[in-house]
Number of protein chains: 2
Amino acid sequence: MSRIPVLEVFGPTIQGEGMVIGRKTMFVRTAGCDYRCAWCDSKFTWDGSERARMLTPDEVWAELVAAGGRRFNHVTISGGNPALIRDPMAELIALLHGHGIRVGLETQGSVWQDWFVEIDDLTISPKPPSSGMDTDWAGLDVMVRRLSDHGVHFSLKVPIFDDTDLDYARRVHRTWPEVPLYLSVGNPDPSAGGDVAAHLLARLAWLVDRVVQDEALNAVHVLPQLHTLLWGNRRGV
Amino acid sequence: MSRIPVLEVFGPTIQGEGMVIGRKTMFVRTAGCDYRCAWCDSKFTWDGSERARMLTPDEVWAELVAAGGRRFNHVTISGGNPALIRDPMAELIALLHGHGIRVGLETQGSVWQDWFVEIDDLTISPKPPSSGMDTDWAGLDVMVRRLSDHGVHFSLKVPIFDDTDLDYARRVHRTWPEVPLYLSVGNPDPSAGGDVAAHLLARLAWLVDRVVQDEALNAVHVLPQLHTLLWGNRRGV
Ligand code: SF4
Ligand code: SF4
């Protein structure tokens, strides 16, 4: 059986952001990313600081059950970029569905996988200028069109750190106005300790104010990262 | 033209809770409620402290445009209980749709209106024991069945103040397992001033912990009231 590079299996907890914010879910975090975002809050998935375990889909399921028992029916797959994994991921998704589990997944949209159309809650999160990464707009357009044609339940999500990022979000919204767009408050220092809630709420108020003023950003959702509000920058919650 | 008792028209802002949390929207708040919840955060809609203005749907639209310009494409109708209003509300909903506006509405589910099936994002929010109100389970069941049959995009939402409320939520979820259930952290003192964010986040952490432990509450969303986190108990934001 093929294997998936896994860094973390944890939960149940709640989804902290985006289209299924608040949803009770388990998390599986895969290793490896083709991006190097300046503010990446999961650098340990690609900077070599932690070693992934190569698990079969059955072993991932066993770890989910060990951690979550019967206390979950939703699993979120995140990374890194889980779209770097082809066949073993398709197997994991099929296995989860076979157990009656709903599957969410987040990827930056740099790589297509045919199993995208099997995901129940798919977030495509293109990275704005503050990330230091470039967006392949043509490639993303092909992806968005395919997902729409297949009737996939998906959304676009852009973290916003500054006004330049907001310009980028406007372009995203103008390009794919029919796709739900989620803007989230960027977490500028994911290694900061202590009480980051007050700071994040102030950033959220700024972002809400910006969006409220802007007629080019009407059909959007503005959301915080609930997990950061609740638990600061701690991992595994 | 028939008239609607209106207490507030404001926005754009973001929806603070429930199934479209974070969505940029305008608010129209109607007067009058058939309930008297102990912790009602909108007592001014029914306690006689404020006088409603009787507005035609055209006048409501004019006020929305005066406040929001072209900076919105979603309107949330709340109360009080907006389901107490029949024909004028049906006219307002049709008028909004005619302008390309998406319409959200929240009601406790004590009264059915045929225009429920026209609502784009409908929240039915039955009130748990801490409210001091009784639930008509049979009536609610007829409502949920009708909404499901009509393919309405709707959810159930229960504010949770204590463990007895959580028992009530379990019963709701057991009764209508196929309907998305949103649990929100109750705001015990909606008249409290100052920084209520820290207190609400502590309550949210409690609720998340409860839900995470509970295999009878798997397909649920746990959410805070974003507007309260952002602006405390201020009105009109
Ligand atoms: S795409 Fe995601 S995981 Fe990859 S570097 Fe950027 S933020 Fe980190
Ligand atoms: S149903 Fe809503 S508006 Fe009516 S009393 Fe209860 S909380 Fe207040």
Side-chain angles (χ1 to χ4, degrees), chain A residues 11-26 67-74 100-102 177 180-185 195 197-198 200-224 226-232 237, chain B residues 11-26 67-74 100-102 177 180-185 195 197-198 200-224 226-232 237:
Chain A
T13 181
I14 58 168
Q15 170 58 252
E17 51 187 63
M19 65 195 290
V20 281
I21 189 168
R23 177 60 153 89
K24 186 178 177 183
T25 190
M26 301 288 295
R70 298 161 48 90
R71 305 191 316 281
F72 69 97
N73 64 6
H74 190 284
I101 305 295
R102 207 177 151 91
L181 175 61
Y182 289 77
L183 304 182
S184 63
V185 184
D195 176 17
L200 282 181
L201 286 175
R203 298 291 302 164
L204 180 63
W206 168 82
L207 182 56
V208 168
D209 191 56
R210 279 292 207 243
V211 167
V212 156
Q213 308 291 342
D214 192 338
E215 60 186 58
L217 291 171
N218 281 346
V220 306
H221 291 69
V222 182
L223 288 173
L226 278 189
H227 50 288
T228 312
L229 281 177
L230 281 169
W231 300 297
V237 280
Chain B
T13 182
I14 58 167
Q15 169 60 249
E17 50 187 63
M19 67 194 289
V20 281
I21 190 168
R23 178 59 153 88
K24 188 178 177 183
T25 190
M26 301 288 296
R70 296 162 47 89
R71 305 191 316 280
F72 68 97
N73 64 7
H74 191 283
I101 305 294
R102 208 177 151 93
L181 175 60
Y182 289 77
L183 305 182
S184 63
V185 183
D195 176 17
L200 282 182
L201 286 174
R203 299 291 302 164
L204 180 63
W206 168 81
L207 182 55
V208 167
D209 190 56
R210 280 295 207 242
V211 167
V212 155
Q213 308 292 343
D214 192 337
E215 60 186 58
L217 291 170
N218 281 346
V220 306
H221 292 68
V222 182
L223 288 173
L226 277 189
H227 49 288
T228 313
L229 282 177
L230 281 170
W231 301 297
V237 281

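Each chain gets a letter, A, B and so on, in the order the sequences are listed, and its residues count up from 1.
- Interface remark: of the candidates A:Leu230, A:Val20, A:Asp209, A:Leu230 forms the most heavy-atom pairs closer than 4.5 Å to chain B.
- No other option in B:Gln15, B:Arg23, B:Gln213, B:Glu215 has as many heavy-atom pairs under 4.5 Å with chain A as B:Arg23.
- For the atom pair CG (B:Asn218) and NE2 (A:His74), the distance works out to 11.5 Å, reported to the nearest 0.5 Å.
- Proximity to chain A involves both the backbone and the side chain of B:Leu201, based on heavy atoms less than 4.5 angstrom apart.
- Heavy atoms of B:Pro180 lying under 4.5 Å from chain A are absent altogether.
- Here A:Asp214 contributes atom CG and B:Lys24 contributes atom NZ; the two are 6.0 Å apart, rounded to the nearest 0.5 Å.
- Taking CG from A:Leu229 and CG from B:Leu200, the interatomic distance works out to 11.5 Å, rounded to the nearest 0.5 Å.
- Contacts of A:Leu226 with chain B are made by side-chain atoms alone, with heavy-atom separations under 4.5 Å and no backbone atom involved.
- The structure places NE2 of B:His221 at 10.0 Å from CD1 of A:Ile14, a figure rounded to the nearest 0.5 Å.
- Pairing each heavy atom of A:Ala219 with each of B:Asn73, the nearest pair is CB-ND2, 3.5 Å.
- The part of A:Val208 that comes within reach of chain B is its side chain, from C-beta onward, which places non-hydrogen atoms under 4.5 angstrom from that chain.
- Comparing B:Leu183, B:Thr25, B:Leu204 by how many heavy-atom pairs each has under 4.5 Å with chain A, the most go to B:Leu204.
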